[in-house]
Student: 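Please find one structure pasted underneath; my questions will follow.
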Number of protein chains: 2
Amino acid sequence: MRAQVVTIQDVARAAGVSPATVSRVFNGGSVTPARAQSVQEAAAALGFAPNRVARSLRKQRSSVIALIIPDIENPFFTSLARGVEDAAQRTSLSVVLCNSDEDTEKERRYLEVALGEQMAGVIVAAASRDETDLGPLAARGVPVVAVDRRPRDAEVDAVRVDDHHGGEVATRHLLQAGYRRIACVTGPEGASTSEERLAGYRAALTAARGAGAVDDSYVRHADFRVEGGRAAMRELLSLPEPPDAVFVANNLMTIGVLDALREAGRTPPGVGVLSFGDVPWASLVRPSLSAVELPSYELGRAAAELLLQRMDGSASPLQTVVLRTRLQVRESTGGPAGA
Amino acid sequence: MRAQVVTIQDVARAAGVSPATVSRVFNGGSVTPARAQSVQEAAAALGFAPNRVARSLRKQRSSVIALIIPDIENPFFTSLARGVEDAAQRTSLSVVLCNSDEDTEKERRYLEVALGEQMAGVIVAAASRDETDLGPLAARGVPVVAVDRRPRDAEVDAVRVDDHHGGEVATRHLLQAGYRRIACVTGPEGASTSEERLAGYRAALTAARGAGAVDDSYVRHADFRVEGGRAAMRELLSLPEPPDAVFVANNLMTIGVLDALREAGRTPPGVGVLSFGDVPWASLVRPSLSAVELPSYELGRAAAELLLQRMDGSASPLQTVVLRTRLQVRESTGGPAGA
DNA sequence: CCTGCCGCTGAAAAGGATTTCACCCCTGAA
DNA sequence: TTCAGGGGTGAAATCCTTTTCAGCGGCAGG
């Protein structure tokens with residue numbers, strides 16, 4: 001059993017040159033045109049493909065970048081992944097996706113793989129603010145970009161959206177539409193996005209009604225998934241005085257919220273629903289929902305571009321890019337009485 | 001700048017043994033307990049993590065498996081990916097995801113990466129039946145499993161669903177519900193799944209009405225995406241005698257079909273819609289749709305298990321595992337007049 | 001007491017590419 | 001004519017780990 005189909009040695013022998021020259025042909029060293037051509041031909045004839053592992057070992061860097069996301073079943077992240085891929089597409093790098101499943105242990109394993117495989121760069125939407133440890137990668141000099149979520153102490157570039165502002169605008173919109181008892185279903189306590197969206201919600205209520213305006217029984221933490229949204233909304237509906245509107249901090253939870261509302265026989269706009277992030281395949285939902293639109297694709301693209309810059313050796317100071325969200329108003333939040 | 005934070009040499013020196021012994025400690029060779037322990041301690045103290053690239057180079061095999069899927073934004077494939085991950089979870093292997101985007105060129109690049117990175121195995125849902133070339137991987141002895149879609153000549157294990165049977169059952173159901181002019185929106189011509197589902201549709205019509213029962217103007221090939229479904233349905237609706245029901249060969253196209261129907265002011269069950277594969281977040285759709293349910297998660301799991309067997313050296317003859325689909329009947333196909 | 005075997009160990013080779021270094025040869029300037 | 005410089009080339013080192021191979025020591029059986 002031969003070890004490798006065809007190595008650089010074989011090509012060198014066939015072309016009558018040294019391995020070093022073959023390497024130079026493939027990596028843009030200076031080689032006489034005639035020789036270069038005969039190497040090309042020999043390589044083509046033998047079907048030579050460089051062994052990427054050997055190359056990575058020697059160069060101390062592979063040509064793969066890792067994108068670690070917390071939920072591969074969430075269209076927000078898959079769209080973000082498309083953005084990353086499209087940006088990487090124009091280079092010779094390949095993107096591989098890792099699904100941490102909101103599990104810091106799985107995430108840790110993937111970070112270890114990225115380090116151990118000497119990946120050229122890592123883009124990560126952190127599963128947790130406190131437990132995600134980007135230290136080893138940074139120490140090793142691997143470029144890292146945090147996207148969407150921020151790990152607490154990480155000294156890395158970041159791309160995210162204006163969560164606080166988006167949450168504020170959303171809540172203000174519900175207030176202006178005439179809803180009075182506005183609840184909030186946000187994500188897990190560990191995530192930066194959960195907390196900032198919630199903070200925006202609080203800020204809007206406080207601005208409108210003064211300090212103490214936030215009734216904490218109207219605030220629920222869930223898990224950023226459909227089931228979590230459903231459970232949280234059921235709880236809210238069973239309160240003595242159920243809310244007449246709800247700000248939901250992510251797209252999937254909004255689906256659960258809508259399910260729970262339908263169960264209870266209530267639908268927008270009788271009850272106001274405002275989602276942070278468009279509901280997937282929004283065209284399926286009637287009436288169509290108002291939502292804070294997130295530039296998921298652009299988030300991925302921006303993160304990839306930042307990463308590529310760093311990989312090119314940019315030494316500019318660490319950046320955080322904040323992309324703007326946009327409130328998309330639709331029929332669903334016309335107001336409690338259609339007002 | 002040191003090359004590697006800490007190598008096996010450093011550990012060996014610290015523990016007063018040879019690198020070979022350190023390696024044996026980490027790979028289950030025979031080492032006296034006392035020595036093993038001092039190696040463990042030295043490794044822990046120094047924070048040693050083996051260089052996976054060097055290991056892969058030497059072992060001619062990495063500990064990563066690749067899953068190549070054609071559309072990362074399709075929940076069918078992300079659910080399949082979860083199945084693969086969960087099965088791999090129990091081993092020391094990591095799964096990385098590659099999105100070929102139904103593009104045979106991107107797919108080729110990923111297959112090349114998988115080969116070049118000496119991945120331990122590959123699971124692929126082929127972008128094309130004819131152009132996907134698994135030859136090089138097979139030649140190199142890398143275990144490969146085809147999932148969902150079958151490349152034509154590939155000598156590999158496969159896991160798929162009973163597309164033909166599923167298409168037949170679906171179409172028969174529409175017939176039995178009383179629909180007469182049943183159209184079919186299927187996928188691209190190159191894909192095995194498109195063609196077998198279509199063949200099932202033809203078989204059901206032929207069985208019910210005899211040869212020649214299939215009106216080809218009712219058959220449309222689209223691209224397995226929302227837009228494709230929408231466009232195809234618009235065309236069908238503009239026929240002189242539009243269909244009164246449609247069998248749609250995938251989940252995303254069904255969303256497009258529903259959009260087009262709504263545009264035209266028609267909704268189930270006035271027009272019958274039967275989807276091959278559940279519409280994502282089906283709870284959003286009212287009335288709820290009948291569909292051929294696909295065991296996407298199990299598909300991924302079965303593929304991963306087959307792959308793991310091969311990696312363990314199973315030499316049994318090539319297998320094709322066919323999972324059963326199940327027709328889930330719901331309100332939407334009660335019949336043209338609710339009959 | 002000798003032989004054979006077995007378990008443990010370390011030196012060294014192997015895996016396949018890139019890169020350094022020294023060298024050769026040729027050109028251009030003094 | 002001589003020397004400096006530069007472009008092209010190959011031998012060899014390098015990246016880090018695993019694995020082979022040979023050797024050592026101890027124990028059991030003859």
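As the structure is a computational prediction, the values presented were derived from the model and not from experiment. Here is how names work: the chains are called A, B, and so on, in the same order as the sequence lines, proteins then strands, and each is numbered from 1.
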Student: In whole Å, I'd like the distance from the CZ atom of B:R55 to the C1' atom of C:dG16.
Tutor: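 Those two atoms, CZ and C1', are 18 Å apart.
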Student: Can you tell me if B:T7 uses its side chain to pair, donor with acceptor, with the backbone of B:Q9 under 3.5 Å?
Tutor: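 Side chain of B:T7 to backbone of B:Q9, a donor-acceptor pair under 3.5 Å: yes, one is there.
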Student: Restricting both atoms to N or O, compile the protein contacts to nucleotides 12-14 of chain D shorter than 3.5 Å, with distance only.
Tutor:
residue : atom : partner : partner atom : Å
D:dT14  : O2   : A:R58   : NH1          : 2.6

Student: With heavy atoms under 4.0 Å as the rule, sort B:V31 into base, sugar-phosphate or nothing.
Tutor: sugar-phosphate
Student: Quickly work out the B:N27 CG to D:dC16 C1' distance and round it to whole Å.
Tutor: 13 Å
Student: When you measure from the side-chain N and O atoms of B:T32 to the phosphate of C:dT9, is any distance below 4.0 Å, counting only OP1 and OP2?
Tutor: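 For C:dT9, OP1 or OP2 has a side-chain N or O of B:T32 closer than 4.0 Å.
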Student: If only atom types and distance count, is the side chain of B:T132 paired as donor or acceptor with the main-chain N or O of B:S128 below 3.5 Å?
Tutor: yes
Student: Under 3.5 Å, which donor-acceptor pairs do the side chains of residues 298-309 of chain A form with other protein atoms, sequence neighbours left out?
Tutor:
residue : atom : partner : partner atom : Å
A:E305  : OE2  : A:R90   : NH2          : 3.4

Student: Go through A:D103 and A:R108 one step at a time and tell me if the salt bridge (charged side-chain N to carboxylate O under 4.0 Å, His left out) criterion holds.
Tutor: CA-CA 9 Å; A:D103 175 337; A:R108 202 191 51 67; over 6 Å; no
Student: Distance check needed: C:dG16 C1' versus B:L57 CG, whole Å only.
Tutor: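 Going from CG in B:L57 over to C1' in C:dG16 covers 6 Å.
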Student: Roughly how many Å is it from CZ in A:R35 to P in C:dC25, rounded to a whole number?
Tutor: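 It works out to 13 Å between those atoms.
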Student: Hey, does B:D101 have a side-chain heavy atom less than 4.5 Å from the side chain of A:R82?
Tutor: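 A side-chain contact exists here, since the closest heavy-atom pair is under 4.5 Å.
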Student: Would you indicate what A:V22 reaches in the nucleic acid, counting non-hydrogen atoms under 4.0 angstrom: base, sugar-phosphate, or nothing?
Tutor: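 The residue A:V22 makes no contact with any strand.
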Student: C:dG10 phosphate, OP1 or OP2: any side-chain N/O from B:S18 under 4.0 angstrom?
Tutor: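 True: B:S18 side-chain N/O within range (under 4.0 Å) of C:dG10 OP1/OP2.
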Student: Got B:F224 and B:T193 here, is their nearest side-chain heavy-atom distance under 4.5 Å?
Tutor: yes
Student: Measure from CZ on A:R24 to P on C:dC21 and round the result to the nearest Å.
Tutor: 13 Å
Student: For a quick test of reading the model, state the closest non-hydrogen atom pair linking B:P317 to B:R310 and the distance between them.
Tutor: O-NH2, 3.0 Å
Student: Between CD of A:E117 and CZ of A:R52, what distance do you get to the nearest 0.5 Å?
Tutor: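 Nearest 0.5 Å value for the CD-CZ distance: 12.0 Å.
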Student: So for A:R52 and C:dG16, does any side-chain atom that can act as donor or acceptor lie under 3.5 Å from a complementary atom in the base?
Tutor: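 Per atom types, no contact qualifies.
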Student: Just by distance, with hydrogens left out, do A:R140 and A:Q118 show a side-chain donor and acceptor under 3.5 Å apart?
Tutor: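 Note: A:R140 and A:Q118 side chains meet the donor-acceptor criterion.
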Student: What verdict does the side-chain hydrogen bond (donor to acceptor under 3.5 Å, both in side chains) test give for A:N99 and A:Y110, after you've listed the backbone C-alpha separation in whole Å, the side-chain angles of each residue and the deciding distance to 0.1 Å?
Tutor: CA-CA 8 Å; A:N99 178 30; A:Y110 279 121; over 6 Å; no
Student: Applying a 4.0 Å non-hydrogen cut-off, can you work out what B:V17 is touching in the nucleic acid: base, sugar-phosphate, or nothing?
Tutor: sugar-phosphate
Student: Examine D:dG10: is either OP1 or OP2 under 4.0 Å from a nitrogen or oxygen in the side chain of A:T21? Give yes or no.
Tutor: yes
Student: Whole-Å distance between C:dA17 P and A:F26 CZ?
Tutor: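 Value for this atom pair: 10 Å.
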Student: Using heavy-atom distances to pick each residue's nearest nucleotide on DNA chain D, tell me which of A:P33 and A:A54 is more 5'.
Tutor: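 The 5'-side residue here is A:P33.
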Student: Measure CD/B:Q9 against P/D:dC16 and give the value in whole Å, please.
Tutor: 9 Å
Student: Can you check the B:Q118 CD to C:dA14 C1' distance for me, whole Å?
Tutor: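 So the CD-C1' distance, B:Q118 to C:dA14, works out to 13 Å.
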Student: Taking five pairs at each end, how big is the angle between the two axes of the helix from C:dC1-D:dG30 to C:dA30-D:dT1, to 10°?
Tutor: 50°
